[in-house]
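In what follows, chains carry the letters A, B, and so on, assigned in the order in which the sequence lines appear, proteins first and then strands, with residues in each chain numbered from 1.
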Amino acid sequence: MLTAICQVLARIPAGRVITYGDLAAMAGYPRAARRAGQALRQLPADTALPWHRVINASGRISLPEPAAQRQRERLEREGVIAIGGRIDLGRFRWQP
DNA sequence: GACTTGACTATCG
DNA sequence: TCGATAGCCAAGT
């Protein structure tokens with residue numbers, strides 16, 4: 001599970017995002033969005049994987065505040081801008 | 001095994 | 001657009 005998630009995660013290009021549901025589905029676990037989140041939670045804080053490119057289906061960040069801010073910063077650095085706290089999935093969502 | 005717990009999602013008013 | 005709600009499902013107790 002975690003390894004499958006990591007493999008998908010590693011393929012997401014900079015400047016793009018993916019939803020928990022899609023991430024789980026692409027890892028081979030459809031309808032397991034919450035599992036995906038739980039898997040990400042286990043990643044080490046200094047991981048090289050782009051965990052910040054994962055957001056929920058509403059285009060919002062589901063993390064508790066300290067982490068959410070770091071995620072927003074990283075995304076903006078890659079060109080993914082949040083308008084009104086929301087990311088435009090139609091424009092930034094990654095689909096292979 | 002039964003029960004609870006969420007970094008979720010789809011639907012509805 | 002937003003909040004409430006009801007499903008979902010693997011892990012942890």
Worksheet item: Partners of A/Arg41 by side chain to side chain contact (heavy atoms under 4.5 Å, CB included), sequence neighbours excluded?
Response: A/Gln38
Practice prompt. Output all residues satisfying side chain to side chain contact (heavy atoms under 4.5 Å, CB included) with A/Ala68, sequence neighbours left out; order by chain, then residue number.
Written response: A/Ile61, A/Leu63, A/Glu65, A/Arg72
Worksheet entry | For A/Arg53, all residues meeting side chain to side chain contact (heavy atoms under 4.5 Å, CB included), sequence neighbours excluded | A/Ile12, A/Ala14, A/Pro50, A/Leu75, A/Glu78
Discussion item. What is the distance, to the nearest angstrom, from the CG atom on A/Leu89 to the C1' atom on B/dC8?
Written reply: 13 Å
Practice prompt. State whether the side chain of A/Gln71 and the backbone N or O of A/Val54 hold a donor-acceptor pair below 3.5 Å, judged by distance alone.
Written response: yes
Worksheet item: Expressed in angstrom and rounded to an integer, what is the separation of A/Tyr20 atom OH from B/dA10 atom P?
Response: 15 Å
Practice prompt. Find the distance A/Ile18:CD1 to B/dC8:P and express it as a whole number of Å.
Written response: 15 Å
Discussion item. For nucleotides 1-13 of chain C, give me one character per nucleotide, 5' to 3': B if any protein heavy atom sits under 4.0 Å from the base, S if the only such contacts are to the sugar-phosphate, - if neither.
Written reply: SS----BBBB---
Worksheet entry | Pairing residues for A/Ala39 by the side chain to side chain contact (heavy atoms under 4.5 Å, CB included) criterion, not counting sequence neighbours | A/Leu2, A/Ile5
Worksheet item: Say you draw a straight line from CE of A/Met1 to CD of A/Gln42; how long is it, rounded to the nearest 0.5 Å?
Response: 9.0 Å
Discussion item. Once side-chain hydrogen bond (donor to acceptor under 3.5 Å, both in side chains) is applied, do any residues pair with A/Thr47, and if so which ones, sequence neighbours excluded?
Written reply: none
Worksheet entry | Interface with DNA chain B, restricted to residues 74-82 of chain A and to heavy atoms under 4.0 Å | none
Worksheet item: Where is the tightest heavy-atom contact between A/Phe92 and A/Arg16, given as atom of each residue plus distance?
Response: O-CD, 3.0 Å
Worksheet entry | Pairs satisfying salt bridge (charged side-chain N to carboxylate O under 4.0 Å, His left out), at least one member in residues 24-34 of chain A, at least two apart | none
Practice prompt. Identify, with sequence neighbours excluded, every residue that meets salt bridge (Lys or Arg N to Asp or Glu O under 4.0 Å) alongside A/Arg93.
Written response: A/Asp22
Worksheet item: Which ones in residues 51-58 of chain A lie close to DNA chain B, meaning a heavy atom under 4.0 Å from one of its atoms?
Response: A/Trp51, A/Asn56, A/Ala57
